[in-house]
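Here it is, the structure, as structure tokens.
In what follows, chains are A, B, ... by sequence order, proteins preceding strands, each numbered from 1. Please read all numbers here as calculations on a predicted model, not as lab measurements.
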2 protein chains.
Amino acid sequence: MSLPTRRRPPPRPSGSTASERLKEAAIIEFSDRGFHATTTRDIAARAGLSPAGVYVHFPSKEDLLYAITLDGHLAALEMLQEAATDAPSPVEALRTTVGTFAQWHAERFQDARVVQYEFPHLGHEHREHILGIRKQINAVVSDILTLGVAEGLFDVDDIPATTLAILSMAVDVCRWYDSEIKRSPESIGNDYGELAVRLVSARG
Amino acid sequence: MSLPTRRRPPPRPSGSTASERLKEAAIIEFSDRGFHATTTRDIAARAGLSPAGVYVHFPSKEDLLYAITLDGHLAALEMLQEAATDAPSPVEALRTTVGTFAQWHAERFQDARVVQYEFPHLGHEHREHILGIRKQINAVVSDILTLGVAEGLFDVDDIPATTLAILSMAVDVCRWYDSEIKRSPESIGNDYGELAVRLVSARG
DNA sequence: ACGTCACCTAAGCGCTTGCTTAGTTTCGCT
DNA sequence: AGCGAAACTAAGCAAGCGCTTAGGTGACGT
């Protein structure tokens, strides 16, 4: 194999239930090595279980990926919807939703990497289900842009395309962020909220 | 395995040399399934060779990934530098470089996915070498922003952070783009060039 | 005609994979 | 105390993995 020396730290069972520990372990391994390069033995060892112990809680490795991916998408969607609801204006809504989204992609970059990059490796049915949640995430931002344009606050040519570009900026945070980076997730969130507002503001 | 039915189309040797055919085949397979999920037998079959034929041209699967990754990075860097050199002003330079970069990430989205997402699976030495090219890519945009700020054309608080956000938008194109999408790579490039200019323009 | 060398393949080696099976331990409940 | 279910493990299976080896084949210079 091309990755010969894989150092495996001793298992530290942090979660309370075995199921949670397995998900935490799998997030670390999947985000490090990718879904297909991670073995069920890697995950079991990190969760403090025998290789067979995984299958007590999840019927397959792919189901473990699905559980993680679902958790992540639902968490992100809820954060976005809450931020959007609490905002007094479209400008503020855009700033806080994008800020929240970007902050999450930094703070929980390992979860986010699994959510964003291992998603294509889900089975067909699971992938379809997650796609529905993705559309809702998209709609949160898209609706804010539509409202802002209607109120004359935003200058946007193509709302779906701009929604995509704004979310792209935030999603990509999890690609380059890691724990050694000095900027705090909060400040990254603030910056990206501000950048999003700039993107849709009328040209000076 | 979790991907039981993998339909393998008959090999169509499009490239001229076997080495080129192998790289083309590997780009398709790596971008579809990921580096670790792709077998050397998959690649060989698509290139019209026996499994052992791969090793006549590349010493290992990881070396094949490196060759592809290097090609992609150098191509992207050259396109950026050319676009930057030809531009008459920082505004035009930013528009065309980001536009070119985004267009490439759509047009060659399979190459781009390998370049961006399989990069972490390179061996240590190869990864370090590629990192040097990435810094040059970053510098192209960063230098344009610095010049634009100096000339009073751009309003940017944090040049490295803004460089990163602009490149993020363009890089992320390869995550969602595929051949069924209606927008042409050219129009995506134009849009993203325009969005980049908006991001750095003084607030209205 | 002959040797050379690059290119390519059939066969297979040693190892790892996801997952199963058969059995043991632990725990809540009566 | 005793029991049934749930949690867990040791052992291992069939399949697939990256890569090697030994050998064949055809183009080319001489």
message: For E151(B), give me all partners under salt bridge (charged side-chain N to carboxylate O under 4.0 Å, His left out), at least two apart in sequence or on another chain.
response: none
Pairs under 3.5 Å (N/O, protein and nucleotides 22-27 of chain D):
none

message: Could you tell me how far apart D42(B) (CG) and dC17(D) (P) are, to the nearest whole angstrom?
response: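 Checked: the CG to P distance equals 7 Å.
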message: Which residues pass the side-chain hydrogen bond (donor to acceptor under 3.5 Å, both in side chains) test with D172(B), not counting sequence neighbours?
response: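 Testing D172(B) for side-chain hydrogen bond (donor to acceptor under 3.5 Å, both in side chains), a comparison that skips the adjacent residues, returns S168(A), R175(B).
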message: Distance check needed: dC19(D) C1' versus L22(B) CG, whole Å only.
response: 15 Å
- prompt: What's the NE2-P distance between H36(B) and dG18(D), to the nearest Å?
  reply: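 Nearest whole value for this atom pair: 10 Å.
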field: Gap between atoms CZ and C1', on F58(B) and dT20(D) respectively (whole Å)
entry: 19 Å
- prompt: Rounded to the Å, how far apart are I43(A) CD1 and dC19(C) C1'?
  reply: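 Atom-to-atom, I43(A) to dC19(C), this comes out as 13 Å.
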task: Starting at atom CG of D63(A), determine the distance to atom P of dG18(C), rounded to an integer number of angstrom.
output: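 Result: 14 Å.
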Would you tabulate the side-chain donor-acceptor contacts of residues 63-74 of chain B under 3.5 Å, counting partners in other chains and residues two or more places apart, or write 'none'?
unit_1: D63(B); atom_1: OD2; unit_2: S60(B); atom_2: OG; d: 2.9
unit_1: Y66(B); atom_1: OH; unit_2: H129(B); atom_2: ND1; d: 2.6
unit_1: T69(B); atom_1: OG1; unit_2: L65(B); atom_2: O; d: 2.6
unit_1: D71(B); atom_1: OD2; unit_2: K23(B); atom_2: NZ; d: 2.8
unit_1: H73(B); atom_1: ND1; unit_2: T69(B); atom_2: O; d: 2.9
unit_1: H73(B); atom_1: NE2; unit_2: R134(B); atom_2: NE; d: 3.0

For nucleotides 6-11 of chain C, which of its nitrogen or oxygen atoms have a protein nitrogen or oxygen under 3.5 Å away, and what is each distance?
unit_1: dC8(C); atom_1: OP2; unit_2: H57(B); atom_2: NE2; d: 2.6
unit_1: dT9(C); atom_1: OP1; unit_2: S50(B); atom_2: N; d: 3.4
unit_1: dT9(C); atom_1: OP2; unit_2: S50(B); atom_2: N; d: 2.8
unit_1: dT9(C); atom_1: OP2; unit_2: S50(B); atom_2: OG; d: 2.9
unit_1: dT9(C); atom_1: O5'; unit_2: S50(B); atom_2: OG; d: 3.3

query: Does anything in residues 47-56 of chain A pair up under salt bridge (charged side-chain N to carboxylate O under 4.0 Å, His left out), and if so which pairs, sequence neighbours excluded?
result: none
message: Please list all pairs meeting salt bridge (charged side-chain N to carboxylate O under 4.0 Å, His left out) that have one or both residues in residues 87-101 of chain A, counting only residues at least two apart or in different chains.
response: E92(A)-R95(A), R95(A)-E194(A)
- request: Would you please say whether a donor-acceptor pair under 3.5 Å links the side chains of H121(A) and E62(A)?
  value: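 No donor-acceptor contact under 3.5 Å links the two side chains.
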query: With sequence neighbours excluded, what pairs up with R108(B) under the salt bridge (charged side-chain N to carboxylate O under 4.0 Å, His left out) test?
result: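 Testing R108(B) for salt bridge (charged side-chain N to carboxylate O under 4.0 Å, His left out), a comparison that skips the adjacent residues, returns D111(B).
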- request: Please state whether the base of dG16(D) and the side chain of R41(B) form at least one donor-acceptor pair under 3.5 Å?
  value: no
Residues in side-chain hydrogen bond (donor to acceptor under 3.5 Å, both in side chains) contact with Q110(B), at least two apart in sequence or another chain: none
